[in-house]
Trainee: 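This structure is in structure tokens; I'll ask about it shortly.
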There are 2 protein chains.
Amino acid sequence: MTDTKKRIIESAINIFNEDLSAPLQKVADNAAVTRRTLHRYFKDRNELVAVCKQTIESSCKKAMISAIQSSDDALIQLERMLYAGIDCGAKYSVFYKLHQNKDHKHTHQNKNCADYDHIYNQFQHIIIELQKEGKVNPVMSPEWIQVLHSGIIESTVNARETTTKSFEEIKELAWTSYIKAITP
Amino acid sequence: MTDTKKRIIESAINIFNEDLSAPLQKVADNAAVTRRTLHRYFKDRNELVAVCKQTIESSCKKAMISAIQSSDDALIQLERMLYAGIDCGAKYSVFYKLHQNKDHKHTHQNKNCADYDHIYNQFQHIIIELQKEGKVNPVMSPEWIQVLHSGIIESTVNARETTTKSFEEIKELAWTSYIKAITP
DNA sequence: TTCAAATGTCACAAATTTGAGAAATCTTTA
DNA sequence: TAAAGATTTCTCAAATTTGTGACATTTGAA
């Protein structure tokens, strides 16, 4: 894939994340190309949106799986999943919203949904394991912890733009806050 | 203000929160009125957006001030500010984004900005007070706690649509997680 | 029931956005 | 430097969105 195409996709993800109906001119501006160039890479708006979604699905999935597989220790897996989400940036927000959205038909027939569920099951498994070990508050359901998890990722990503702190510092703060929030 | 007008504004806030460029037809549909009716209440899109912003500013401000004034105890003030934010729903997300947004010119000349800063100063004051009392982790800057605060509000509001739990239950979970995250 | 206010239906022009052709310009590399 | 490929510029028609006039229908209060 060319560099330009990648740049357009990244820009589109960032713009569409906040404003799905934004004019393509905005996306083009953000990617520092002409609208004409954008249309040479993508037949139409629908195609661009579809490619964005697919990019999001595959890159988030990859990052999450890799975080899980990076260790046998549930606590470290959880920490790395948090960092992976933060590193995915706006992509993670959309990834999460895509499947949680109430007018999204979540079904196992859809490969993306099946993969999402697979990752979420692993996440649940990690939480339950940590609850057994007494490292996570048993009163909090895995469902709620998932909400908290994505919430902290999203706000950390947003904070990156406003704060004076370094990216590493806020990632550390995010993990500290998160783990303290869920320990018994 | 008529009921219809209020409903249009509420719908617009919810739609524009996720998609600022959404066609007005979407807003009209969501408010269960025709586009023609919408245009009878609002001259044009700009006016609608402006009214939404003003509604957000004033209702969030009101809710926050009232939470702060409801007690002398900093811990209770903080808890009520969290609940107030959650009760504001999508409005709070926009309120926060409006002023934190990097291309927003934040200036005291603007009454809304001045009010926002006033509230934020009070928030900071509460955090610093709690840190003095040893109830909040001194390592976490008020700046970061503000990020966490709005992040937890936003994800709790979103969770409301997906979770099976009652609204009261998730509000409680939100506060528990939040306070545990920031206690020393 | 009756009238007035609110809302809906339909139609239409203006504005904006979209998508693509044609030729000019810039970049890369052989 | 010359040729090939990528991008920009300019243009334009089609599609969509926007705002409004004219009139019909519904609703609520007297």
Side-chain angles (χ1 to χ4, degrees), chain A residues 1-59 90-91 93-94 97-98 101-105, chain B residues 1-59 90-91 93-94 97-98 101-105:
Chain A
M1 184 160 6
T2 69
D3 191 55
T4 305
K5 188 165 185 179
K6 277 187 202 160
R7 218 170 55 242
I8 294 173
I9 295 172
E10 287 298 313
S11 301
I13 289 172
N14 285 309
I15 302 273
F16 290 159
N17 177 34
E18 294 195 328
D19 188 2
L20 186 60
S21 307
L24 295 178
Q25 183 69 61
K26 254 195 185 176
V27 176
D29 288 348
N30 191 277
V33 294
T34 341
R35 201 161 56 81
R36 190 66 190 83
T37 299
L38 187 152
H39 276 296
R40 219 172 260 116
Y41 284 97
F42 304 95
K43 192 181 130 284
D44 58 21
R45 186 192 196 84
N46 290 341
E47 187 176 306
L48 177 56
V49 171
V51 172
C52 286
K53 281 191 185 169
Q54 204 41 58
T55 303
I56 286 163
E57 294 281 0
S58 70
S59 68
K91 287 196 197 80
S93 305
V94 185
K97 279 186 224 157
L98 271 178
N101 200 347
K102 62 181 173 304
D103 42 322
H104 161 67
K105 284 176 243 323
Chain B
M1 180 158 11
T2 70
D3 191 58
T4 306
K5 189 165 183 178
K6 277 185 203 160
R7 217 171 54 243
I8 295 172
I9 295 172
E10 287 299 314
S11 301
I13 288 171
N14 284 307
I15 301 275
F16 291 160
N17 177 34
E18 294 195 330
D19 187 3
L20 188 59
S21 307
L24 295 178
Q25 184 68 61
K26 254 195 184 174
V27 176
D29 287 348
N30 192 276
V33 294
T34 5
R35 202 162 55 80
R36 190 67 188 80
T37 299
L38 186 152
H39 277 297
R40 253 184 220 110
Y41 284 97
F42 303 96
K43 194 179 128 286
D44 59 19
R45 185 191 196 86
N46 289 341
E47 189 177 304
L48 177 56
V49 170
V51 172
C52 286
K53 280 191 185 168
Q54 203 42 58
T55 303
I56 286 163
E57 294 281 0
S58 69
S59 67
K91 289 197 196 78
S93 303
V94 185
K97 278 186 223 157
L98 271 177
N101 199 346
K102 60 181 176 306
D103 42 322
H104 161 67
K105 282 177 245 324

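Convention: sequence-line order gives letters A, B, ...; per-chain numbering from 1. Only this structure's heavy atoms are used, side chains among them; waters, hydrogens and symmetry mates stay out.
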Trainee: In whole Å, what is the span from the CG atom of A:L38 to the P atom of D:dT9?
Mentor: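 Roughly 15 Å, once rounded to whole Å.
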Trainee: Testing the 3.5 Å rule here: is there a donor-acceptor pair between the side chains of A:D29 and A:Q25?
Mentor: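 Their side chains do contain a donor-acceptor pair, which is all the 3.5 Å distance test asks for.
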Trainee: Are B:E10 and B:K91 packed together at the side-chain level, in the sense that at least one heavy-atom pair is separated by less than 4.5 angstrom?
Mentor: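 SC-SC contact between B:E10 and B:K91 confirmed.
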Trainee: Base contacts versus sugar-phosphate-only contacts with protein, heavy atoms under 4.0 Å: please encode nucleotides 25-30 of chain C as B, S and - from 5' to 3'.
Mentor: ------
Trainee: Would you classify B:T4 as touching base, sugar-phosphate or nothing, given that sugar-phosphate means primed atoms plus P, OP1 and OP2, and contacts are heavy atoms under 4.0 Å?
Mentor: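 Contact class for B:T4: sugar-phosphate only.
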Trainee: Donor-acceptor check, side chain of A:D19 to backbone of B:S21, threshold 3.5 angstrom: yes or no?
Mentor: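 At least one qualifying donor-acceptor pair exists.
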Trainee: How long is the line joining CD of A:E47 and C1' of C:dA20, in whole Å?
Mentor: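 It is 14 Å, rounded to the nearest whole Å.
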Trainee: A:T34 side chain N/O closer than 4.0 Å to the phosphate oxygens (OP1, OP2) of D:dT7?
Mentor: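 For D:dT7, OP1/OP2 do not have a side-chain N/O of A:T34 under 4.0 Å.
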Trainee: After noting the C-alpha distance and the side-chain angles of B:T34 and B:T37, does the key distance pass the side-chain contact (heavy atoms from CB on, under 4.5 Å) rule?
Mentor: CA-CA 5 Å; B:T34 5; B:T37 299; 3.3 Å; yes
Trainee: In B/S/- notation, 5' to 3', how is nucleotides 11-30 of chain D contacted by protein heavy atoms closer than 4.0 Å?
Mentor: ------SBBBBB--------
Trainee: Would you give the length of the straight line joining atom OG1 of A:T4 to atom CD1 of A:I9, rounded to the nearest 0.5 angstrom?
Mentor: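 Taking OG1 in A:T4 and CD1 in A:I9, the distance rounds to 11.0 Å.
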Trainee: How about NZ on B:K97, more than 12 heavy atoms from neighbouring residues, nucleotides or ligands closer than 6.0 Å, or not?
Mentor: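 For B:K97, atom NZ is crowded (more than 12 foreign heavy atoms under 6.0 Å).
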Trainee: Counting only side-chain nitrogens and oxygens, does B:Y41 get under 4.0 Å of the OP1 or OP2 atom of C:dT7?
Mentor: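 Yes, within the criterion.
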Trainee: Does the side chain of B:V94 reach to within under 4.5 Å of the side chain of B:F16, using non-hydrogen atoms?
Mentor: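 No, too far: nothing below the 4.5 Å cut-off.
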Trainee: B:Y41 ring centre to B:K6 NZ or CZ under 6.0 Å, with the angle to the axis within 45°?
Mentor: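 Cation-pi check for B:K6 and B:Y41: fails.
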